[in-house]
Peer 1: 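First the structure, then my questions, so here it is.
Residue numbers begin at 1 in each chain, while the letters A, B, ... track the order of the sequences.
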Amino acid sequence: MRDNGSVSSPDLGRARRADFPFFSSHPDAVYLDSGATSQRPDAVIDAEVDFVRSDYAAVHRGSSVATGEATWAFESARERVAAFVGAGERELVWTAGATDALNMISLGISDASAGLGDDSLALSAGDEIVLTEAEHHANLIPWQRLAKRTGAVLRPVGVDADGLWSIDAMRAVVTPRTRLIAFPHVSNVTGQIAPVGDVVELARSVGALTVLDACQSVPHMPVDVSALGVDFAAFSAHKMLGPTGIGALYGRAELLDALPPARTGGSMITTVTLDEAEFLPAPNRFEAGTQPVSQAIGFGAAAAYLSALGMGAVRAHEERIAEALVEAASRTPGVRLVGPAAGHERAAIASVIVDGVHAHDVGQFLDDRGVTIRTGHHCAQPLHRALGVASTTRASASVYTDLDDVARFGEALGEVRDYFGVTA
Amino acid sequence: MRDNGSVSSPDLGRARRADFPFFSSHPDAVYLDSGATSQRPDAVIDAEVDFVRSDYAAVHRGSSVATGEATWAFESARERVAAFVGAGERELVWTAGATDALNMISLGISDASAGLGDDSLALSAGDEIVLTEAEHHANLIPWQRLAKRTGAVLRPVGVDADGLWSIDAMRAVVTPRTRLIAFPHVSNVTGQIAPVGDVVELARSVGALTVLDACQSVPHMPVDVSALGVDFAAFSAHKMLGPTGIGALYGRAELLDALPPARTGGSMITTVTLDEAEFLPAPNRFEAGTQPVSQAIGFGAAAAYLSALGMGAVRAHEERIAEALVEAASRTPGVRLVGPAAGHERAAIASVIVDGVHAHDVGQFLDDRGVTIRTGHHCAQPLHRALGVASTTRASASVYTDLDDVARFGEALGEVRDYFGVTA
Amino acid sequence: MSDLDDLYREVILDHNRTPQGKGDPHAEAHSHHELNPSCGDEITLGATVDEAGTISSLHWEGQGCSISMASASVMSALLTGASRDDAFARIEEFREMLRSRGAVEPTEELEDAAAFQGVGKYVMRIKCAMLGWVALEACLKESAAA
Amino acid sequence: MSDLDDLYREVILDHNRTPQGKGDPHAEAHSHHELNPSCGDEITLGATVDEAGTISSLHWEGQGCSISMASASVMSALLTGASRDDAFARIEEFREMLRSRGAVEPTEELEDAAAFQGVGKYVMRIKCAMLGWVALEACLKESAAA
Ligand SMILES: Cc1ncc(COP(=O)(O)O)c(C=O)c1O
Ligand SMILES: Cc1ncc(COP(=O)(O)O)c(C=O)c1O
């Protein structure tokens, strides 16, 4: 289908499929739902399974050699994931996922505001939280709840008809009462990439904290949270070739030590009496209870796998995929592509609206053609409301995605309206 | 070492080891740390790995066939785990672990008390929360935090010199202002088994809710939460032959529908605007974000594995192990066993204090003899303070534990004081 | 017939193009709103039950995929004029057919609604097909209680 | 020598039985409390540094395993009378030896403290061995800042 003769990176795309057992089971699968969750390579599965089969033991509790070795493996995984995103070791907290990480921040600030911990992070009635209309629910509802608990006010940055927000629109919303700006590094619907530097500068100019939803960036491009200068960031392992059940919270060291832990229990304390508990410094203060131990080993292996590919190369590969996705959608009659226009920077995510055919039906048709994509509101109802639709059809890529996949997607997309008898 | 000729169940103990790859890697291991975390059988590891290798896809989001199949597998696992503990399907919430489950309750009640949700669960200043001095930190600190947020007061039920609490002592503490009673089904230090029926009756007499910490019971004996009549219960997969990174919250249907969800984000909502979000009914309202999908499959497989063994048989086996542990500890000079006296009911958990030798040193010595046990305060500092020590040495069993393991533990325990030159 | 064609039978595509029963649900004695949270599809359906227990009038509005819209349409044609008890029975039968994932054959009573049998194979679409039926069920329960 | 005997060398068991430097830490110019949260072991250590920058007096109390107690004892013997800078250097060297998991050989300067080399193999015990040393480090930093 592609006629400009460009090829994707020789090391990525089809060449990588051999590493992913999912593709041995489904050799013809066109898996374009990596934005929802990615497949896992053998290296990740084996790291976890080998650990579970031979080296499994409790970590950070007790003194046995087995515990020592398991703790060592667990902490090495932390170092690896921290290094992968440019965080210090003490700045990386294991969480149940990105959603959990974002809640950890908002619930912690709630407790700080209620006088349960360092009040440097407390919000008062009338303080403002800025976020975008493009937010995934995970980076929206926790702030709604925080606002309800503290009397703070949400100040949304609107999106345009293509679903895009701008730094100018954000500047117009930020005031001296802005205490926190939450925003998506990459939108999971439009693929828009945020001008992080500008947002950080804006936040600093009013003394606000920044919270970066890095779910869709960390798996797909080089991300260095320290260099970006954000205060907090969240991402999930399962979108970056790692296991489900684990994610990470990044926070600048002094902020993490000040943030009250929302989840409490074992292994995060120093001294506990019946009345009081004193908490450890970060990251352990946030890691109450038995941690996702084998998942951390898998997460570390995923970071190592991506590091070996090189995130610059991954981004370059996915830029070519993104271009091809845009081209495929743009050339199909009756299909409207949301997000950045052709020729503009975007992640390898393309959401489309097929005129006259509901997204569920589009999805079912593509599925029948062996093309797995995602339909629905993608946990971004406000953004879809702004786009004027209840749902869209989204294709999203990863390191194993190839231009052939995009071609198969484009082909099937071209047949949808015919099948449902919609006249062009 | 045992001389009374009794043998353990032919189906449990050594016979089961073939199912656990950990023991192929470590054929001589005496693993007596199952109270901290258990080993996983092939059936559990394979269920998860097979799913990840061939059937992996997002669940509950989108409409593809792959998603449908993954969702089906995920929900079947829920049915299995729910049935295993006598819960309805809608009454079982996946959590990151037992600690997370207990926090979900306490944080939800905090929000209810702050006016963010159904106020039938709200606490007011002066309301009382009863718990025991034997509590694991996971069932203590969340209630301390709840008390601080609401002005409620903690009323602890004390333990005696052996670390045991009694229903009489609890009766003396409960008042008409008691709104909630949190207690451990089985103490992770003493192995004491709670008189659940009496506690539930007591709670009902004053209209208080009951929260059962079932971490150390569900893996080791038949537990039917509906028959027990508790309002909430929490347990973890990794202590019952399942994966880390997942646990479960049980709640009576009407309570779960009333409890505000502490963690918010995707997949737990109906309608979301920039200002407001409406939440789904239970269990989904508590399952924000991508769930521990492959871990749920593993958890389901663990429940199936234990069901096949029969929890009655498991308990009978572990009763014999418990007896042997008590005997081994009691016969060793200079060793003090905490918890129920010989001849009394207890779980297969035995914590000891070796006169003149610190628990860490005891643990190191046993470890050198190939006996993995756990040393420390076992996340129960108040209980240890009551016992008059900072730490104890704990042996705990599971389905693969054999009387030989107990014999090796007893032997090594008998040599400890000699090695450290403590005169008898 | 391919799986896809089995899902999107001609009768479904027809009903989707020219839906029956569309009208103001709030003009009826009882109305109910149903939402499929995973895709945002929604239906508001109203029904009036006369003294004899017959569904004398039934109208709905909504937006959604072809399965949910066609299903509401087929149901309108099938159950307008039916007795409440028959309607409950048909709703239950329809649900059973879908949940059985193809194992339970529809009876003749379901008429055109039998065309939705293929939906059972697609777990994620069962909710779509049930949307209008669940809304009617709620209206009927309300009318029975009144 | 077995791994266990390498961990519990004679000098460690001796120091554990008859610890040196025990006394009231609060009588010193600076004192600091250290806790190992995983086991509850704790040490309070006090130190006085004279004008010349020499640790003129050092006392501690605490309870813990043989490794933590013997280590505090050995350190007391080694560093009482040492200059602050030498003490910082020894503390760093001791930490390096433990963290290297046996790879870094101790220098002669560490004297009896070299006996703790075997601890490095046991990840969970490194904190035990460091407990008193970390407390002294905190006291010395405070005295340097004053
Ligand atoms: C009695 C008891 N309660 C709660 C917990 C906490 O469980 P988890 O660490 O799996 O969250 C444990 C285990 O550590 C326990 O033994
Ligand atoms: C932009 C964005 N933010 C947050 C999330 C939530 O991540 P998780 O579901 O892994 O918690 C997702 C993924 O669904 C996402 O794409």
Side-chain angles (χ1 to χ4, degrees), chain A residues 21-22 25 33 36-37 39-40 45 49 52-54 56 58 61-66 96-97 99-100 103 114 116 136-138 141-142 144-145 148-149 156 236 238 244-246 263-266 269 272-274 277 288-290 292-295 360 363-364 367 372 374-376 379 381-382, chain B residues 21-22 25 33 36-37 39-40 45 49 52-54 56 58 61-66 96-97 99-100 103 114 116 136-138 141-142 144-145 148-149 156 236 238 244-246 263-266 269 272-274 277 288-290 292-295 360 363-364 367 372 374-376 379 381-382:
Chain A
F22 177 84
S25 309
D33 198 18
T37 198
Q39 297 298 334
R40 305 180 205 172
I45 299 172
V49 170
V52 166
R53 292 177 68 92
S54 345
Y56 187 64
R61 294 176 175 185
S63 53
S64 70
V65 173
T99 300
D100 189 44
N103 278 275
L116 277 79
H136 187 283
H137 296 160
I141 311 178
Q144 290 179 349
R145 303 294 279 178
K148 281 200 213 300
R149 289 190 202 102
S236 281
H238 73 93
T244 52
I246 190 166
R263 186 157 52 227
T264 54
I269 50 81
V272 179
T273 65
L274 283 169
T290 302
V293 181
S294 63
Q295 291 78 21
H360 261 188
Q364 203 78 61
D367 207 55
T372 300
R374 167 92 180 272
T375 60
C379 303
Q381 286 187 14
Chain B
F22 177 83
S25 309
D33 197 18
T37 198
Q39 297 298 334
R40 304 180 206 173
I45 299 172
V49 170
V52 166
R53 292 178 68 95
S54 346
Y56 187 64
R61 295 177 175 184
S63 53
S64 69
V65 174
T99 300
D100 189 43
N103 279 273
L116 276 79
H136 187 284
H137 296 160
I141 311 178
Q144 290 180 349
R145 304 293 280 178
K148 280 199 215 296
R149 289 189 203 101
S236 282
H238 73 93
T244 51
I246 191 166
R263 185 157 52 228
T264 55
I269 50 79
V272 179
T273 65
L274 283 169
T290 302
V293 181
S294 63
Q295 290 78 23
H360 260 188
Q364 203 78 63
D367 207 55
T372 300
R374 167 93 179 274
T375 60
C379 302
Q381 285 186 14

Peer 1: Most heavy-atom pairs under 4.5 angstrom with chain B, which of A:V293, A:V272, A:T372, A:I269?
Peer 2: A:V272
Peer 1: Looking at chain A, which one of B:S236, B:P21, B:S294 has the largest number of heavy-atom pairs inside 4.5 Å, strictly under?
Peer 2: B:P21
Peer 1: Verify the distance criterion only: is there a donor paired with an acceptor across the side chains of A:Y56 and B:T37 at less than 3.5 Å?
Peer 2: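 Yes, B:T37 and A:Y56 have a side-chain donor paired with an acceptor closer than 3.5 Å.
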Peer 1: Please give me the minimum heavy-atom distance between A:L116 and B:R149, naming the atom from each residue.
Peer 2: CD2-CG, 3.8 Å
Peer 1: Go through the atoms of B:R40 and report whether side chain, backbone, both or neither lie under 4.5 Å from a heavy atom of chain A.
Peer 2: side chain
Peer 1: Check whether any side-chain N or O of B:H137 sits under 3.5 Å from a backbone N or O of B:Q381 as a donor-acceptor pair, and report yes or no.
Peer 2: yes
Peer 1: Looking only at heavy atoms, which two atoms of B:H238 and B:A36 are closest? And how far apart?
Peer 2: CE1-O, 3.2 Å
Peer 1: Which one of A:T264, A:I141, A:T273 has the most heavy-atom pairs closer than 4.5 Å to chain B?
Peer 2: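 Most heavy-atom pairs within the cutoff with chain B belong to A:T264.
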Peer 1: Tell me whether B:Q295 contacts the main-chain N or O of B:T244 through its side chain, where contact means a donor paired with an acceptor under 3.5 Å.
Peer 2: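 Side chain of B:Q295 to backbone of B:T244, a donor-acceptor pair under 3.5 Å: no, none is there.
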Peer 1: Give, as side chain, backbone, both or neither, the part of A:A277 having an atom under 4.5 angstrom from any heavy atom of chain B.
Peer 2: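 The answer is both parts of A:A277.
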Peer 1: Can you tell if the side chain of B:T99 reaches within under 4.5 Å of the side chain of A:T290, non-hydrogen atoms only?
Peer 2: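 B:T99 vs A:T290: side chains apart.
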Peer 1: Among B:I45, B:D100, B:V49, who wins on heavy-atom pairs under 4.5 Å with chain A?
Peer 2: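 Greatest number of close heavy-atom pairs with chain A: B:D100.
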Peer 1: Under 4.5 Å from any heavy atom of chain A, what part of B:P142 do you find: side chain, backbone, both or neither?
Peer 2: both
